Asks: 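I have a structure I would like to understand better, so I am pasting it below and will then ask my questions one at a time.
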Amino acid sequence: MKVVIVGGVAGGATAAARIRRLDETAQIVIFEKSGYISYANCGLPYYIGDVITDENALTVQTPDSLRDRFRIEAKVKHEVIFLDAENKCVTVKDLQTGKEFREAYDKLILAPGARPVKPDLEGTDSDRIFTLRTVEDTLKIHDFVDKNKPKSAVIVGGGYIGIEVAENLKKRDMDVTIVQKPDQLMNTIDHDMAAFVHNKLRAGGISLMLNSNVTGFRQENNKIMTVLEGNVEKESDMVLLATGITAENTLAKQAGLKLGIKGNIVVNDRMETSAPDIYAIGDAIAVKHFVTGKEAAIALAGPANKQGRIAADNICGLDSRYIGTMGTSVIKIFDMTVASTGLTEKAAKDAGMEYESVVLSPLSHADYYPGAKVMTMKVVFEKKTLKLLGAQIIGAEGVDKRLDVIAVAINSGIKADKLKDLETAYAPPFSSAKDPVNMAGFIIENIDRGLLKQYHWQEDAKLARDGSVTLLDIRTVEEYEAGHIEGYINIPLNELRDRLGEIKKDQPVYVVCQSGLRGHIACRILLQNGFDCYNLSGGYRLYSMVKKETGVSERAYPCGMGK
């Protein structure tokens with residue numbers, strides 16, 4: 001059996017190695033357009049910032065290592081330019097010599113990945129404007145920075161690559177500005193959670209120009225002018241275009257393979273395309289979203305590796321199935337970790353789901369053990385069924401651990417309220433006896449049982465300030481005076497039972513505390529005394545961050561703890 005693989009990196013190289021482990025007699029050939037057969041794609045921004053200093057560390061496998069260990073023939077700088085599905089062969093061009101040749105196959109795996117979106121705007125052909133996708137791109141940017149010592153950079157696009165490169169250029173003492181058309185960075189999290197990201201980037205010295213549409217570029221000597229709508233221009237020494245990626249589907253279109261969402265290649269759960277003996281994996285394919293069951297385009301290294309293994313299994317006679325992708329991801333922003341999985345509120349709304357969310361601000365470990373840091377957790381779930389839909393967590397430490405637990409819970413079909421039952425490792429340096437994941441489950445169970453009614457920061461603006469409702473801030477006097485929401489009266493929680501007579505029973509009471517816990521205690525007191533009470537999800541900490549994108553410090557105490 002002869003297997004030809006188009007593309008290396010994560011999916012293609014994984015598939016090749018798996019095929020060899022399953023079939024010692026198979027002939028395996030990989031054609032890779034770039035000069036590197038298997039490299040750490042996600043590490044590229046960190047080489048630019050000199051966090052990773054050894055260029056060779058970016059290379060996972062080389063053609064020589066694949067040949068020596070696996071007897072795999074890996075050819076770099078070889079581009080597959082034509083696919084003849086009927087006759088089961090491909091035409092390959094040696095990019096170094098220009099020579100073309102045909103290569104037959106019994107089985108073909110398409111792992112061409114994706115290419116950066118380069119907007120069709122005037123001036124993008126400047127040698128001071130870059131994209132980042134391959135090792136060659138990284139080396140080009142790194143060399144430019146080393147030789148030219150640029151003092152400023154504009155990053156167009158605020159996704160993962162844009163943010164990571166922005167941080168790494170900032171580490172090289174550059175003035176960095178992120179420019180993008182949407183009003184928030186990172187579409188994998190909701191607007192309220194993105195406020196924490198914006199605040200962190202600004203605190204780190206990175207400027208943000210949101211709601212700013214780029215219309216073109218103009219080079220003046222050694223400067224690039226990024227032209228925005230409204231005749232606004234931003235000057236810099238270099239520009240990175242990080243406006244997203246699009247599936248590399250040239251061969252698939254040419255061969256008439258079925259394409260789906262955003263032009264990605266359609267595959268079944270065995271990674272088979274619409275043509276016999278042709279498989280496809282990685283960033284180029286359309287996947288099933290694990291939560292919605294609908295077709296999606298999600299480009300991540302973890303899923304690509306799994307897809308490569310599954311394609312290899314099926315080629316070698318096993319029966320392996322891909323269950324879908326839910327977009328579990330994580331990013332470091334200075335000393336902050338941002339992680340997400342599944343659906344955001346916005347995505348749940350767009351999918352037509354009846355959803356609810358809870359926001360809490362637990363500590364990363366026991367409060368009495370030094371060094372505990374606040375994290376912000378948002379869990380989204382279906383109202384009627386309590387099906388877990390997604391989660392977003394932001395903090396300084398312990399974030400990835402909690403996010404991974406929730407991702408496993410979603411994958412396993414565990415209901416949102418049952419997060420309370422999960423048994424996680426506890427010792428004071430690592431967690432609390434009631435882990436943050438458990439706490440999310442407790443809140444959701446209370447909502448489901450009718451023990452807690454909540455409202456969200458978006459709803460505050462709709463609350464009347466004419467005395468027809470009671471707006472109550474139950475934080476301490478010092479907290480209240482340091483900053484509060486307009487129209488809210490202050491009755492500290494510890495005084496609430498003695499001052500119930502100051503609150504009207506014939507109107508709803510909307511309660512706010514710092515992060516939600518004290519507010520819940522207040523609502524339990526009020527509800528059991530005949531009041532109709534609603535607690536602000538996420539508390540004043542979330543509200544103030546969303547409204548100001550500054551405000552409460554990250555070491556703000558969770559409700560009931562600290563001062």
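These numbers were taken from a predicted model, which means no experiment stands behind them. The first residue in the sequence is number 1, and the count goes up from there.
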Asks: Do other residues, nucleotides or ligands put more than 12 heavy atoms under 6.0 Å from Y369 OH?
Replies: no
Asks: Is the backbone N or O of D417 less than 3.5 Å from a side-chain atom of D448, with the two atoms forming a donor-acceptor pair by type?
Replies: no
Asks: Do other residues, nucleotides or ligands put more than 12 heavy atoms under 6.0 Å from R499 CZ?
Replies: yes
Asks: Does the side chain of L388 come within less than 4.5 Å of K415's, by heavy atoms?
Replies: no
Asks: Does a sphere of radius 6.0 Å around NZ in K332 hold more than 12 heavy atoms from other residues, nucleotides or ligands, not counting ones at 6.0 Å or beyond?
Replies: yes
Asks: With a 4.5 Å limit on heavy-atom distance, are the side chains of Y47 and T53 in contact?
Replies: no
Asks: List the steps and the verdict of side chain to side chain donor-acceptor pair (under 3.5 Å) for H142 and E55.
Replies: CA-CA 10 Å; H142 189 273; E55 176 186 330; over 6 Å; no
Asks: Would one find more than 12 heavy atoms of other residues, nucleotides or ligands at under 6.0 Å from atom NZ of K262?
Replies: no
Asks: Determine whether S361 and R541 satisfy the following criterion, side chain to side chain donor-acceptor pair (under 3.5 Å), listing intermediate values before the conclusion.
Replies: CA-CA 9 Å; S361 300; R541 181 173 183 267; 3.3 Å; yes
Asks: So, do Y510 and Y455 have ring centers that fall under 6.0 Å from each other?
Replies: yes
Asks: I'd like to check L240 versus L132 (side-chain heavy atoms, cut-off strictly below 4.5 Å). Are they in contact?
Replies: yes
Asks: Can you tell me which residue among R402, K420, K401 is in a salt bridge (Lys or Arg N to Asp or Glu O under 4.0 Å) with D435?
Replies: R402
Asks: How far apart are the C-alpha atoms of Y488 and H484, what are their side-chain angles, what is the distance that settles it, and do they pass the ring-ring contact (aromatic ring centres under 6.0 Å, His included) test?
Replies: CA-CA 7 Å; Y488 283 69; H484 60 269; 8.6 Å; no
Asks: Closer than 3.5 angstrom, by distance alone: can the side chain of E459 be matched with the main-chain N or O of H456 as a donor-acceptor pair?
Replies: yes
Asks: A cation-pi test, strictly: NZ or CZ of K453 under 6.0 Å from the centre of the six-membered ring of Y534 and no more than 45 degrees from its axis. Yes or no?
Replies: yes
Asks: Considering residues, nucleotides and ligands other than F430, do more than 12 of their heavy atoms fall under 6.0 Å from its CZ?
Replies: no
